**Q** 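Below is one structure. I have some questions about it.
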Amino acid sequence: MTTVISAILILFGLAVVFGIILGYASVRFRVEGNPIVDQIDGLLPQTQCGQCGYPGCRPYAEAIANGDAINKCPPGGQSTIEALADLLDVEAIPLDDEHGQEQAKMVAYIREDECIGCTKCIQACPVDAILGAAKQMHTVITDECTGCDLCVEPCPVDCIDMIPVETTIANWKWPSPTESPSLIATDRGRGQVQQQEAV
Amino acid sequence: MGKVFAFHGGIHPPENKKQSTRQPIGRVPLPRMLYVPLQQHIGMAASPLVEVGEKVLKGQLIAEPVGRISAALHAPTSGTIRSIGPHPVPHASGLDSDCICIETDGEERWAEHQGLGDYTQLERSQVIEHIRQCGIAGMGGAGFPTDVKLHLGDDHIVNTLIINAAECEPYITADDMLMRERAEEILGGIRVLNYLLKPSHIMIGIEDNKAHAIHTLEKVLKGCELNLDIRVVPTKYPSGGERQLIKLLTDIEVPSGKIPADIGIVCQNVGTMSAVYRAVHKGEPLISRVVTVTGDAVAQPQNFDTLIGTPFADLLDAAHVYENKLYRLVMGGPMMGVTVEHDQIPVIKTTNCIIAASQDEMPPAQQEQPCIRCGMCEQVCPAELLPQQLYWFAKGKEFDKAKHHNLFDCIECGACAYVCPSSIPLVQYYRFAKSEIRTEEAEQRKADHARQRFEARQARLEREKEEKEARRKARAEEAAKAQKARKTPEAEATAQAPDLASLKTAAAVARTKLKKAQKALDAARESGEGDISELEAAVATAQANADKAQQALEQADTAAAKPAAAEVDTKQLKTAAAVARTKLKKAQKALDAARESGEVDLATLEADVNTAQAAADKAQQALEQAQAGAAPAGDADVKQLKTAAAVARTKLKKARDALKNAESKGLDGLDKLRATVEALETKADAADKAYQNAEKAAGGSAPGEPKAAPVDMKALKQQVSIMRTKLKKAEAALEGLEGEERTQAEQALQELRQRHEEADKAFKAAEQAQIDAAAAKGVDLKQLKIDAAMARAAVTKLERSLSKTEEADARASLESELVAAKRKADALNETLKQHEPA
């Protein structure tokens, strides 16, 4: 009987001690906000385009943290989905077409002689990448443009084009070597047929 | 000769160096066009200093460095700038980039230039700046600007300087030939670096397949004062790699992610030494270099001292290329070089070799076979990586894992691909993975930057909103203050008003209670039921309460009246007086009715009347006081006084009528009525007096205050005409009356007449006074008339221009002007009217 009581007492004492330690730790090492949101936000492309249906990347990150689908970001594309899947330990799913298609990096371009200087695009730009003033010609700071195309809609004279980012020596990428579809030599023939079909 | 160590891996490809060393360094005939790319290395592109059409001299600075890691560009020869724009450049991408195109004039006229002389007398930073201005960049590999490396001595302890003369890659012999022919220049360059970096030990690493070069160097170095060793290393690719050479010579591995300077070592290429020597001793910028032109497709493989910007085509011509044999044009060595498609690509500072290969020499790459995991790649990797693993990760696009397997330590030497039995283009996979990771990182940086900008923008918008809100609030406050300020004259009244109102309500409530109690008492008395004494006590209490409330109210009223007297707040007082009078009237009417009906409650009613009378008297007194206080202050509101006097008189009349009625009817309380009439008479007299006083005061001040005078005159005139009308009316009414009423009316008429005469007299007196005053002041009527006319004209003019103007701002100012002009014109007109003889 005494053993049972002592065991209970010991366990109770341990529970109290650990409870105190845990309680202290939860106060002492308190984390403000949800750290996962920051991590998700760090993976999103920060175009602030709103194609996901949220007003910017952070709101979408918060939504993902609360269980929203990870495939609503066309600017990020499949690579972002994969990174998010990796982070959240969920399955990578294909991009949701409803929110748009993944496309080449774009940059806004203002046809300057058509610009009337209304400043509407400046107000629309989420990253302040458009320079100009009322009744003055506007122009896009290409390096700052995220290609979100939010400035295209408000333009009253439709003088903003989204043009693909030009490939220069600075941003050129080595192409992937033509991959052999076969894993073993005897597969080669079949692989080539498949490749041709694919073409 | 010191000890030589070994590095891991390495291969022994066919050297193919003999072909191009048979001939001494030759010269390329001056090309017609030179294309100098603005960016020849990592870092920032140089910024052009010349314009199209400008004539340049050999060695003239044509583009200046931008930022820290950037190199200056100089005209390789004299000529004219033809264009600055895109041109194919030596880059794996095969893309165009901006180049300065110079049409040569064949004169080779040098720009003024001179060496530094005895550089040891100069500051080190000056020498380094000179080297920077000469555009010296590493001529071995990446073309890293040399001055950046020379500054390493500032924050690193450099104890070993290694001169890289290994030239391990097959085919290339440019450094070999340079050492054979210009060993003195190389030594000169080493001396400059020795001065700049102050290393304790200098080593020249050279492969044992360059016997001739080693011999020449040894000859030159004989008796050299420097602590310099020539270390001959066994021929093994890639011993010329910076890290591999350091390992070979010092047995130290440069840690991953660090630079050699972190372990106290600086590496320089022999070609760079020669360029440094020329720059420091002769002042010649880097405008030419030795290029090996070799391969089976050229008849005379040879090294050429080539101007930077020379198109490959000119070099191939100089080496007598067999066009039909040429299958592949490779820039750089066979291991690390890239195939180029265009023969107009120019030579840049890092171009050490051009291989014009035949098909036999460099056959097309074999079909990639599956990896058999033989592990040969791992055995030859000089960086001790796991090429097979990296291959799988790159292929599976698991770039993170590739990065964790130190992908970025790969020097892309190609040894693994060379030994791969499955002909897997391993280096291409690594390059692909590397550029994917770099792009991802760049995108991440850009995303972070965009986020920063986005957050900054959000913060700014928020701040602006807040500021707007704050401004709005401030404006509202300001407006409230202004309103308060406007109300200050009535401040006391405002302060008192709520107090007064509540007091009044309290008094009214008390009165109502009292009435109710009385009613209840009366009812009880009539019916003779209930406890009358109790009810009487209640009535008494109510009476006391009502009295208290009334007293408080009266006190407050007096308190309010005091400042009002000073500030002419007669309105309230007047209202109070009027209310009191109405009450009095009601009470009197009730009294009359009671008397007529002969009811018993006359005493109570009379008391009521008296109370009302007292209240009315008090209110009237307060009003008069206020008016009396206001009148001597010079702000005499004569009109108000007049009304007061008139009211007093009317009251008096009514009271008299009532008295007469009462007398004729022979009712009780005559004495009281009489007393009332008397009191009223006194009051009417007082009011009249006050009025006359004020009038007099106004009359007296009329000459001094023309503004007050016209109002007075007008009022007087009106008064007179009103009197006249009244008089007429009264006369007309008199005719239809008979007997007693007629006598009464006659009496009233008499009174009216008298008052009319009085008013008339007063008016005339005022008029006379004005005329006198005008005469006394000597106002010129003519002048006044002219002034008035001019003022009127100004008004019309302004009106016209106002109708024409549309802009709001101008309109507002015009309107304000118009108002001012109108006021002036009115004033002048008024004055004119005053002074004009009636």
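None of the values given here were measured: they were computed from a predicted structure. So that the names make sense, note that chain A is the first sequence line, chain B the second, and so on, each numbered from 1.
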**Q** So for atom CD, which belongs to B:Glu467, do other residues, nucleotides or ligands contribute more than 12 heavy atoms lying within a distance under 6.0 Å?
**A**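 Count over threshold, so yes.
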
**Q** Going through the checks in order, is the side chain to side chain contact (heavy atoms under 4.5 Å, CB included) test met by B:His449 and A:Glu144?
**A** CA-CA 8 Å; B:His449 187 65; A:Glu144 308 291 359; 2.7 Å; yes

**Q** Is any residue of residues 401-416 of chain B within less than 4.5 Å of chain A by heavy atoms, and which ones?
**A**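 Those residues of residues 401-416 of chain B which would need a heavy atom under 4.5 Å from chain A do not exist here.
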
**Q** Taking every non-hydrogen pair under 4.5 Å, which of B:Ala456, B:Ala447, B:Ser93 racks up the most with chain A?
**A**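 Of the candidates given, the most pairs with chain A belong to B:Ser93.
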
**Q** Which atoms of B:Val427 are under 4.5 Å from chain A, going by heavy atoms: the side chain, the backbone, both sets, or neither?
**A**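 Nothing of B:Val427, per the 4.5 Å heavy-atom cut-off to chain A.
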
**Q** Any Lys/Arg nitrogen of A:Asp143 or B:Lys446 sitting under 4.0 Å from an Asp/Glu carboxylate oxygen of the other?
**A**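 Looking at A:Asp143 and B:Lys446, the cut-off is not met.
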
**Q** Are B:Arg460 and A:Asp128 side-chain neighbours, meaning at least one heavy-atom pair lies under 4.5 Å?
**A**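 Result yes, sub-4.5 Å side-chain heavy-atom pair found.
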
**Q** Taking atom CD as the centre, does A:Glu153 end up with more than 12 heavy-atom neighbours from other residues, nucleotides or ligands that are less than 6.0 angstrom away?
**A**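 Open: at most 12 neighbouring heavy atoms sit under 6.0 Å from CD of A:Glu153.
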
**Q** Counting only non-hydrogen atoms closer than 4.5 Å, does A:Thr167 touch chain B with its backbone (N, CA, C, O), its side chain (CB onward), both, or neither?
**A**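 Interface part for A:Thr167: both.
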
**Q** Heavy-atom distance under 4.5 Å to chain A: side chain of B:Gln444, backbone, both or neither?
**A**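 The answer is the side chain of B:Gln444.
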
**Q** Find the one option among B:Ala433, B:Ala92, B:Ser422 whose heavy-atom pairs under 4.5 Å with chain A are most numerous.
**A**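 With the most close heavy-atom pairs to chain A, the winner is B:Ala92.
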
**Q** Among pairs that include at least one residue of residues 75-92 of chain A, which meet side chain to side chain donor-acceptor pair (under 3.5 Å), considering only residues two or more places apart or in two chains?
**A**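 Matches after skipping sequence neighbours: none remain.
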
**Q** Considering only heavy atoms and a distance below 4.5 Å, find which of B:Arg431, B:Lys434, B:His91 pairs most often with chain A.
**A**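 Of the candidates given, the most pairs with chain A belong to B:Arg431.
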
**Q** Around atom CD of B:Gln366, are there more than 12 heavy atoms of other residues, nucleotides or ligands at under 6.0 Å?
**A**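 No - once you tally the heavy atoms of other residues, nucleotides and ligands closer than 6.0 Å, there are 12 at most.
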
**Q** Measure the OG1-CH2 distance between B:Thr439 and A:Trp172 for me, rounded to the nearest 0.5 Å.
**A**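 Result: 10.5 Å between the selected atoms.
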
**Q** Can you find a heavy atom in the side chain of B:Val89 that is under 4.5 Å from one in the side chain of A:Ile169?
**A**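 A side-chain contact exists here, since the closest heavy-atom pair is under 4.5 Å.
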
**Q** Which heavy atom in B:Phe432 sits nearest to a heavy atom in A:Trp174, and how many Å separate them?
**A**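 Result for this residue pair: CD1-O, 3.4 Å.
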
**Q** Kindly write out the residues that satisfy salt bridge (Lys or Arg N to Asp or Glu O under 4.0 Å) with A:Arg111, not counting sequence neighbours, or none if the list is empty.
**A**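 So A:Arg111 forms a salt bridge (Lys or Arg N to Asp or Glu O under 4.0 Å) with A:Glu114, A:Asp161.
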
**Q** How long is the span from the CG atom in A:Asn171 to the CD atom in B:Glu443, to the nearest 0.5 Å?
**A**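 If we round to the nearest 0.5 Å, A:Asn171:CG and B:Glu443:CD are 10.0 Å apart.
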
**Q** Can you measure from CD1 (B:Ile437) to NZ (A:Lys173) and round to the nearest 0.5 angstrom?
**A**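 One gets 11.5 Å once the value is rounded to the nearest 0.5 Å.
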
**Q** Which residues, numbered in order, of residues 2-28 of chain A come under 4.5 angstrom of chain B by heavy-atom distance?
**A**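 Within residues 2-28 of chain A, no residue comes under 4.5 Å from chain B.
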
**Q** Rounded at 0.5 Å granularity, tell me how far NZ in B:Lys395 sits from OG in A:Ser176.
**A**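 Output value for this atom pair is 9.0 Å.
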
**Q** Taking A:Arg58's backbone N and O only, do any of them form a donor-acceptor pair with B:Arg451's side chain (distance below 3.5 Å, no angle check)?
**A**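 Not a single qualifying donor-acceptor pair exists.
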
**Q** Could you check whether any side-chain N or O of B:Gln428 sits under 3.5 Å from a backbone N or O of A:Pro175, counting only pairs where one atom can act as donor and the other as acceptor?
**A**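 Not at all, since once roles are kept as given, no pair shorter than 3.5 Å links the two residues.
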
**Q** For the pair B:Arg453 (side chain) and A:Pro126 (backbone), establish whether a donor and an acceptor sit closer than 3.5 Å, ignoring hydrogens and angles.
**A**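 It does not hold such a pair.
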
